[in-house]
Amino acid sequence: MKELHQYSATELSALLREKKVSATEIAKASLARIAAVEPTVDAYLTVTEEKALADAAAIDAKIAAGEELGALAGIPIAIKDNICTKNVKTTCASKMLGGFVPPYEATVMERLNKAGVVLTGKVNMDEFAMGGSCENSFFKATKNPWDPTRVPGGSSGGSAAAVAACEVPFSLGSDTGGSVRCPASFCGIVGLKPTYGAVSRYGVVAFASSLDQIGPMARTVDDVELLFSTICGRDPRDATSHQYTYEKAARDLKGLRVGLPKEYFGEGITAEVKAAVLKGVKQLEALGASVVEISLPSTDYALSAYYIISSAEASSNLARYDGVKYGYSGRRDAGLDELYFTSRSEGFGPEVQRRIMLGTYVLSSGYYDAYYKRAKRLQQMIAAEFTEAFTKCDIIATPVTPTTAFKLGERCADPVQMYAGDICTVTVNIAGLPGLAMPCGYDAGGLPIGMQLIGPKFSENRLIAVAKSYETAVGGFAVKEM
């Protein structure tokens, strides 16, 4: 018999509808689990216990009154701390926003609140979503539930760790270059980076506006589907959002063409990761799919293009934090230049400062054409190569990360090595495509390995259908007991 915190969101929803458990019991079980494992995991920055219990009681009252509720009603959720939550701190894991309490909700939160989810709190991340290990937080480093001496991945490390540790059944993260898929892979869960524009970015603190996308994370494919179908769709407050209604796709893989790009299986990818992903592809073949070899030649340059574009946009977006209107303020007894200098030097961490400096450099008059303009041209080439590839295949399968989760502190002194971990994921953001990460095996040390499925724009239903077929065939994805 499973304990309540071990159930998926879909299972909890069924128990609620059958009145075998109350929303308050579910919320208490989640909060008790958080209290039990947080000393080890360190996923949460803010736990909203009082709010969670009040919201759960309100759901129970509606059930008692005979109201028809949606599938998400009464289900606990964790939210990455760069998504604005009304009257709940949103810090972006930064000293700069250490005390910021938004007076409004992000669109995704409005939709989740309408669906009746129960917010258990805000979870840790790399500061302003800049990092790949969840070690760049101003407050603390989150640990991987599979091995607390290792990183959970980033920047949505808190979102992934909270789900993997069974603190909540699902969570929301944000993905700019792999920040949902990388931690999903490291923590052995499912993570979806939607098509750019499929989910509103209104109320999400911006890192790189042309690349950022909110995505669901969960221990099962059904839960990812449930969460994504709730938050996707057009938002008049986000001009980049699309009119989009999620519809389930058939889960029959017969005739499905799976593309294997040679560039994603070469140098840098460990033998264990490569073997596990290819084994996962073999499973898709056994379910009726066929494999096609493809090439995406610009992949070798994608990492450079990504860090130029994202840093340039970060430099522009973070210029608003000047110590004057809101956020951390430096020396107000000096001149304006000194106020700017101290506010940003003291309010931003080293990684954020590094990317602001890089972004400012590539946008400067002497280097704009040499770097930023060429990176934008390369972005077009990468998108065109994916479009061409999808004339030969229906989805693309790749590793999520070149390695499994690395040790805490192992790459902090070498940012280039840290950046290289994004090589398999950044192209998806550059091209604005959907990508789904799911477990496909383990390394010799028992750490999870992830497989990435990439599809054409707005093909989330196909990716989810393929992932669900795979999940069913392998008997579900394992959860690490703590």
Side-chain angles (χ1 to χ4, degrees), residues 2 6-14 71-72 75 77-78 115 117 156 159-160 162-164 166 168-173 175 180-195 198-199 213-232 246-253 256 258 276-277 279-281 283-284 286-289 394-400 425 428 433-442 448-455 458-480:
K2 291 194 294 188
Q6 296 172 310
Y7 283 91
S8 70
T10 305
E11 291 170 333
L12 290 173
S13 181
L72 289 181
I75 310 301
I77 194 169
V117 298
S156 305
S159 300
V163 171
C166 294
V168 286
F170 51 25
S171 64
L172 282 186
D175 192 311
V180 161
R181 290 159 290 156
C182 166
S185 177
F186 280 3
C187 292
I189 64 172
V190 184
L192 173 67
K193 180 269 167 190
T195 305
V199 178
Q213 191 61 81
I214 299 301
M217 309 173 78
R219 295 189 296 273
T220 71
V221 177
D222 282 340
D223 284 2
V224 163
E225 181 178 48
L226 185 62
L227 194 49
F228 174 67
S229 63
T230 303
I231 63 173
C232 68
Y246 178 81
E247 296 180 359
K248 289 179 180 284
R251 288 175 175 167
D252 184 0
L253 270 56
L256 181 79
V258 179
V277 173
K279 184 179 178 182
V281 172
Q283 180 63 64
L284 296 181
L287 293 171
D394 302 303
I395 66 168
I396 295 170
T398 76
V400 181
T425 53
V428 175
L433 304 174
L436 183 146
M438 62 180 179
C440 67
Y442 305 90
I449 295 171
M451 176 167 65
Q452 177 175 226
L453 304 178
I454 306 169
F458 303 105
S459 64
E460 284 85 354
N461 59 348
R462 180 184 292 167
L463 298 183
I464 287 171
V466 174
K468 180 60 181 177
S469 296
Y470 179 88
E471 179 187 40
T472 302
V474 300
F477 303 132
V479 176
K480 177 68 173 178

Heavy-atom donor-acceptor pair, Arg219 side chain to Ala9 backbone, under 3.5 Å: no
Check: Arg462 side chain, Ala249 main-chain N or O, donor-acceptor pair, under 3.5 Å: no
Check against side chain to side chain contact (heavy atoms under 4.5 Å, CB included), Leu192 and Val180: CA-CA 7 Å; Leu192 173 67; Val180 161; 5.7 Å; no
With sequence neighbours excluded, residues passing side chain to side chain donor-acceptor pair (under 3.5 Å) with Lys480: none
Salt bridge flag under 4.0 Å for residues Lys468 and Glu225: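 Looking at Glu225 together with Lys468, the answer is no, because their closest N to O distance does not fall below 4.0 Å.
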Please report the shortest heavy-atom distance between [X] and [Y], naming the atom on each side.
| X | Y | answer |
| --- | --- | --- |
| Val466 | Leu453 | CG1-CD1, 3.8 Å |
| Leu172 | Pro216 | CD2-CA, 4.0 Å |
| Ser185 | Gly450 | OG-N, 3.1 Å |
| Leu436 | Ala467 | CD2-CB, 3.7 Å |
| Pro439 | Gly188 | CG-O, 3.4 Å |
| Val281 | Ala397 | CG2-CB, 3.9 Å |

Beyond-backbone contact of Cys232 with Glu460, side-chain heavy atoms, under 4.5 angstrom: no
Side chain to side chain, Thr425 and Val400, heavy atoms closer than 4.5 Å: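 Result yes, sub-4.5 Å side-chain heavy-atom pair found.
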Atom [atom1] of [X] and atom [atom2] of [Y]: how far apart are they, to the nearest 0.5 Å?
| X | Y | atom1 | atom2 | answer |
| --- | --- | --- | --- | --- |
| Ile454 | Thr398 | CD1 | OG1 | 4.5 Å |
| Leu226 | Ser8 | CG | OG | 9.5 Å |
| Leu433 | Thr195 | CG | OG1 | 7.0 Å |
| Met451 | Lys279 | CE | NZ | 11.5 Å |
| Ile77 | Ser159 | CD1 | OG | 9.0 Å |
| Lys248 | Ile464 | NZ | CD1 | 8.0 Å |

Side chain to side chain contact (heavy atoms under 4.5 Å, CB included) between Ile75 and Phe170, worked out: CA-CA 9 Å; Ile75 310 301; Phe170 51 25; 3.6 Å; yes
Audit row: Phe477, Glu471, side chain to side chain contact (heavy atoms under 4.5 Å, CB included) steps and yes/no: CA-CA 7 Å; Phe477 303 132; Glu471 179 187 40; 3.7 Å; yes
Name of the residue among Arg181, Lys193, Met438 meeting side chain to side chain contact (heavy atoms under 4.5 Å, CB included) with Gln452: Arg181
Residues Val428, Asp175; criterion side chain to side chain contact (heavy atoms under 4.5 Å, CB included); working and verdict: CA-CA 10 Å; Val428 175; Asp175 192 311; over 6 Å; no
